[in-house]
Structure formats: C-alpha cells, structure tokens
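Working notes for the structure below.
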2 protein chains.
Amino acid sequence: MSKHTILIIEDEEDLLELLEYHLQKEGYETLGFLSTKNVEKCLEEERVDMLIVDRNLPGAEGSEFVASLRKKGLNQAVIFVTAKNSDMNIEEGFLRGGDDYVTKPYNMKELLLRIKAILARTVPEKNTLLLYRDLSLDLEAHLLHVDSLAVELTKLEFDLLRTLIENKNSVLSRNFLLENVWKNEEFFQDKTVNVAINRLKSKIDPTKEKEYIKSIWGVGYTLC
Amino acid sequence: MSKHTILIIEDEEDLLELLEYHLQKEGYETLGFLSTKNVEKCLEEERVDMLIVDRNLPGAEGSEFVASLRKKGLNQAVIFVTAKNSDMNIEEGFLRGGDDYVTKPYNMKELLLRIKAILARTVPEKNTLLLYRDLSLDLEAHLLHVDSLAVELTKLEFDLLRTLIENKNSVLSRNFLLENVWKNEEFFQDKTVNVAINRLKSKIDPTKEKEYIKSIWGVGYTLC
DNA sequence: TGAAACGATTACAATATGGTAACATAAAAA
DNA sequence: TTTTTATGTTACCATATTGTAATCGTTTCA
C-alpha cells in the first residue's frame with residue numbers, strides 16, 4: 001500500500017521541519033511550504049491526501065486561502081493549526097472548510113492521532129495490490145494486470161499466483177501448494193500442480209519470453 | 001432533507017440536557033442516555049448518524065464500550081467527551097475508534113462546529129445519487145434510472161444494486177451479499193443470490209446488450 | 001552414453017458452478 | 001377476502017474449470 005501524502009503550509013521554518021520529521025516517522029509523505037506560493041500548482045500535480053495549514057501566513061490568511069481552494073474543488077481534509085484560539089477564529093476556520101482545528105502549542109501525539117482518524121474517514125481504502133515485476137494482482141477486484149494489460153485468471157490460477165507472489169523468495173514444494181492453494185493435499189497428486197502451473201504460465205506469458213515461474217528440479221516452483 | 005440524529009451517552013444529567021438543548025436548537029434529533037444500558041438496542045432500531053460519548057460512565061468505560069460496538073460493526077463517527085485530558089487517555093480514545101476528542105469543560109460553539117465538520121465527512125448526503133455508467137440510483141426516492149429512463153426495482157433488487165455500486169471495484173462473494181443484502185447469511189443458500197442477480201439483470205438490461213454485472217466463476221459477482 | 005526420474009504439454013472426461021424457468025409460499029395490495 | 005407481487009427453492013441444462021492420464025522432453029547420475 002502506498003503512503004499517504006500530507007501537504008503542510010507553515011511559515012515558521014523550525015516548526016515545519018519538526019512537523020515533517022514526525023509525519024515522516026509515522027510513514028507519511030510530506031510536502032512542506034513556507035507560504036501559499038506554489039501550493040496550488042503542487043496540488044494540481046501531486047496526489048495529496050490531506051492539508052495542514054497555519055492560519056497566520058505571511059501575506060495571506062490560511063483559512064481564506066483554503067476557502068478559495070474549496071471553491072475550486074479541493075475536497076481533501078484540512079487541519080488548521082494556529083496560535084489564535086478565540087471562538088471567533090475557530091468558527092471561521094470551520095466555516096471556511098476546515099475538518100479539524102488545533103491550537104499551538106500543540107501536542108504532537110494528539111495531532112498525529114487526529115490526522116490518522118481523519119485520514120481513515122476521508123481517504124477511501126486502497127485495494128490491496130500484490131506486485132511482482134510487471135504483474136499486479138488486485139485481490140479485491142480479482143484482477144491481474146500484466147504490464148498494465150488485464151488478463152483473466154480462474155480462481156485456482158489466481159490463488160496459485162497469489163501464493164507464489166506472497167512467498168516470492170521461497171521455493172514452494174508441490175505439497176506446500178496443495179496444502180495452501182488446493183487446501184487438501186491428500187486428495188490430489190503432485191502432477192496436478194504441474195498442470196496448473198503450466199496453465200498459469202501460458203496465461204501470464206503466452207509468448208514465453210518473460211519466464212516468471214521457474215521449476216526447481218526435485219523441489220518445487222518459485223518466481224524468478 | 002431529514003435531520004441528522006445524534007446519540008449521546010452522558011451520565012451527568014444537567015450536562016446531557018444542556019447538550020441536547022443546543023443540538024436540537026441546531027436542528028439535530030437527539031437520543032440521550034445516562035448510561036450504556038439500552039444503547040445497543042437503540043442503535044439496532046434507530047438510524048443514528050453520530051455518537052457523543054462521555055468516557056467516564058457509571059459501570060463502564062466509554063471508549064471500551066465504543067471499541068466493543070466497533071467490533072460489532074458500528075461505523076458511525078464518535079466524539080469522546082471527557083474531563084480526563086492526559087495524553088494517554090486521548091490516545092486510548094482515538095485507538096478505540098474515536099473520530100474526535102473534546103475535553104470538559106468544552107466550548108459549546110466549538111463542539112457544534114466539530115460535529116458539523118465530522119457529519120459533513122461521514123454521513124453521505126441524502127440527495128446524492130449513486131451513479132454507475134448510465135445507472136443512477138436515488139437512495140432517497142428509492143428510484144432507479146437507466147439511461148434516464150425510470151425502472152422499477154423491488155426492495156431486494158434495489159439493495160443488491162446499491163451494494164454492487166457501493167463496492168464497484170470489488171468482486172462480492174455470495175456470502176458477502178447474503179450478509180449485507182439479506183442480512184442473514186446462514187438462512188439462505190448461494191443459489192438465492194444467483195436468482196436475485198438474474199432478476200436484477202433482466203430488469204436493468206432486458207435486452208442483454210449492456211452487461212452491467214459479471215459473474216466471476218467460483219468467486220462472486222461484480223460490476224464490469 | 002543411457003536409463004531412470006522428473007517436468008512439460010496435450011487431450012479428454014469428470015466435476016463444479018452458473019443460468020434459467022417453473023413452482024411454492026408469504027407478504028402486500030385491492 | 002381475493003388478487004397481485006415478491007422472493008426463496010428446486011430442477012434441469014449449459015459451460016467453465018480442473019484433475020487425470022498419456023506422451024514427449026529434459027535433467028541427473030552412474
């Protein structure tokens with residue numbers, strides 16, 4: 001799963017760095033800005049999941065800036081950060097399209113928790129993609145793309161390829177595969193695996209140019 | 001548009017009344033409880049859009065109660081209200097499925113703003129249509145338009161199509177559908193789904209030209 | 001080098017799964 | 001009440017999938 005990206009506008013350089021440090025430690029991508037300059041362009045070019053905006057910015061008021069972005073279709077969640085904490089200002093922030101409001105000095109742990117809670121609500125969960133070379137297996141949609149070209153697999157072939165990718169650094173014995181893909185190793189024979197592997201190979205690589213699956217003599221199969 | 005309904009669990013009776021008063025003044029329906037007793041039953045029977053929960057409840061810990069509800073499938077947003085404000089407790093609240101955390105004594109205006117912001121994110125707008133290709137599902141009016149032509153669906157067919165559209169990027173197993181559309185997966189058989197899908201298909205695409213619904217052999221159904 | 005063991009490939013048959021129509025029953029409408 | 005509608009079940013047929021066996025090719029090792 002790819003990382004969430006958080007765009008931050010904060011004019012105090014030290015604070016921006018500190019915030020970016022903590023967010024990156026939590027596994028987020030960050031895009032830091034010291035002013036609203038270039039932010040719009042960045043939003044057009046990058047996929048951004050959330051914004052953290054200081055209201056006190058040089059030359060612009062953070063919540064007004066966000067309000068103008070909202071008018072242009074910004075849909076991502078926004079957390080306002082500010083030293084101001086009078087009722088009036090909090091209200092303005094929410095009315096101009098804020099999703100949360102944190103006042104300085106803020107507790108970093110709390111801010112991180114708020115970010116996490118809001119992202120959980122606003123960013124739709126990505127489908128789990130299993131990747132291997134130019135293969136991309138979408139477990140939800142039950143879809144395989146080979147070099148971004150859709151290829152149809154049967155349930156057995158799909159499960160087999162998934163097991164191979166999930167264990168891409170091991171050689172899988174026929175017994176292991178019978179246990180994990182067929183679920184009943186005693187009922188079938190080793191040859192069954194051979195044939196299934198073969199069918200899978202011919203679907204994901206009909207011209208036999210790419211050699212995804214290698215057989216290890218006397219041991220089993222593995223991705224190579 | 002119908003009112004949003006907010007369920008409140010707060011053991012201080014005065015505070016509960018005050019909160020209900022303000023929420024009602026803002027146009028919300030409220031369901032007040034002095035303890036966790038009967039809350040589960042109420043959630044089963046009433047449509048609730050959000051919960052406000054005090055963490056300090058007689059005989060139960062609010063966030064533990066919410067965590068247990070989440071396990072049973074509660075999906076609505078929860079705001080915790082509490083006098084506690086140590087980091088540790090805020091963290092617990094978020095980890096147990098809270099969407100926001102407000103400490104007493106709280107500013108009523110701010111709480112109302114937070115409620116509004118969260119509802120805007122979590123409750124799908126009633127008037128929005130669910131769209132898929134030339135299908136348009138109006139959840140309020142319980143109406144389907146196919147290429148702007150009205151088509152009548154039964155409740156079951158409607159729920160089925162809604163579930164398919166809401167999960168348009170996933171293959172849905174018959175069990176998933178029995179759970180989510182029929183609500184009682186154990187009572188019915190897989191074939192029931194086949195027949196229902198079939199009836200739905202013939203209503204939305206009687207000439208079988210458009211192929212909205214695809215069956216994935218051995219897995220389930222999906223929109224294509 | 002040659003035999004044995006193992007893997008690849010192909011064809012075929014059995015099985016599992018899905019589609020469809022007909023029927024039965026329960027719920028809603030008239 | 002009678003009639004209509006909705007929906008679960010069953011039966012039967014069509015088709016996709018997949019195990020098996022037969023055959024051919026390749027590797028291993030004496």
Side-chain angles (χ1 to χ4, degrees), chain A residues 142 144 151-164 171-224, chain B residues 142 144 151-164 171-224:
Chain A
H142 206 270
L144 166 69
V151 172
E152 291 209 358
L153 294 184
T154 69
K155 182 174 149 52
L156 183 75
E157 289 155 0
F158 194 88
D159 290 347
L160 189 54
L161 182 55
R162 183 177 67 188
T163 306
L164 284 166
V171 178
L172 306 179
S173 73
R174 293 178 174 71
N175 264 341
F176 178 89
L177 290 170
L178 284 172
E179 255 181 71
N180 285 273
V181 179
W182 280 259
K183 310 285 184 196
N184 195 341
E185 75 265 48
E186 317 201 344
F187 213 69
F188 304 105
Q189 355 170 331
D190 284 6
K191 290 284 181 189
T192 302
V193 181
N194 293 25
V195 177
I197 288 275
N198 207 252
R199 286 171 178 152
L200 174 60
K201 274 184 182 174
S202 67
K203 279 205 188 169
I204 61 179
D205 184 21
T207 57
K208 300 190 182 179
E209 286 164 335
K210 301 208 213 165
E211 288 248 47
Y212 295 106
I213 301 169
K214 192 166 57 178
S215 75
I216 306 296
W217 197 271
V219 187
Y221 294 97
T222 184
L223 292 180
C224 52
Chain B
H142 207 269
L144 167 69
V151 171
E152 287 207 4
L153 293 184
T154 68
K155 179 174 151 47
L156 183 76
E157 288 155 359
F158 194 88
D159 290 346
L160 190 54
L161 183 55
R162 183 178 67 189
T163 307
L164 284 166
V171 177
L172 307 179
S173 73
R174 292 177 174 71
N175 266 340
F176 178 91
L177 291 170
L178 285 173
E179 253 181 71
N180 286 274
V181 179
W182 280 260
K183 308 286 185 195
N184 194 339
E185 75 265 48
E186 314 198 347
F187 213 69
F188 304 106
Q189 353 171 332
D190 284 4
K191 283 283 183 188
T192 302
V193 180
N194 292 27
V195 177
I197 288 276
N198 208 255
R199 286 171 177 152
L200 174 60
K201 273 185 183 173
S202 66
K203 279 205 188 169
I204 61 180
D205 184 21
T207 57
K208 298 188 183 182
E209 286 165 333
K210 300 207 215 164
E211 288 247 48
Y212 295 105
I213 301 169
K214 190 167 62 177
S215 76
I216 307 296
W217 203 274
V219 187
Y221 294 96
T222 186
L223 293 179
C224 53

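Numbered from 1 within each chain, the chains take letters A, B, ... in sequence-line order. Everything numeric in this text was worked out from a predicted model, so none of it was measured.
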Give [X] one of three labels, base, sugar-phosphate or nothing, depending on what nucleic acid heavy atoms sit under 4.0 Å from its own.
X       : answer
K214(A) : nothing
Q189(A) : sugar-phosphate
K191(B) : base

Can you confirm whether [X] sits close enough to [Y] that some side-chain heavy atom of one is under 4.5 Å from a side-chain heavy atom of the other?
X       : Y       : answer
R174(A) : N194(A) : yes
L200(B) : Y212(B) : no
V181(A) : V193(A) : no
L156(A) : W217(B) : no
T154(B) : K203(B) : yes

Provide, to the nearest angstrom, the distance between the [atom1] atom belonging to [X] and the [atom2] atom belonging to [N].
X       : N       : atom1 : atom2 : value
L153(B) : dT5(D)  : CG    : C1'   : 14 Å
E157(B) : dT5(D)  : CD    : P     : 13 Å
F158(A) : dT18(D) : CZ    : P     : 13 Å
K208(A) : dG25(D) : NZ    : P     : 13 Å
N194(A) : dG25(D) : CG    : P     : 17 Å
L178(B) : dT7(D)  : CG    : P     : 14 Å
L156(B) : dT7(D)  : CG    : P     : 5 Å
F188(A) : dT17(D) : CZ    : C1'   : 12 Å

- W217(B) or N198(B): which one's nearest nucleotide on DNA chain C is closer to the 5' end?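 First, find each residue's nearest nucleotide; the 5'-ward one identifies W217(B).
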
- Note: for V195(B) and I216(B) on DNA chain C, the residue whose nearest nucleotide lies more 5' is I216(B)

It should be established whether [X] places a side-chain nitrogen or oxygen under 4.0 Å from OP1 or OP2 of nucleotide [N].
X       : N       : result
T192(A) : dT20(D) : yes
W182(B) : dT7(D)  : no
T154(B) : dT5(D)  : no

- Message: Both K155(A) and K203(B) contact DNA chain D. Which one's nearest nucleotide lies toward the 5' end?
- Response: K203(B)

- Just the endpoints, please: which first and last nucleotides of DNA chain C, 5' to 3', lie under 4.0 Å from a heavy atom of chain B? dT17(C) to dA22(C)

- Out of D159(A), L160(A), L144(A), which one pairs with L153(A) under the side-chain contact (heavy atoms from CB on, under 4.5 Å) rule?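 Considering D159(A), L160(A), L144(A), a side-chain contact (heavy atoms from CB on, under 4.5 Å) with L153(A) is found only for L144(A).
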
- Query: For the side chain of K183(A) and the backbone of N180(A), is there at least one donor-acceptor N/O pair under 3.5 Å apart?
  - Reply: yes

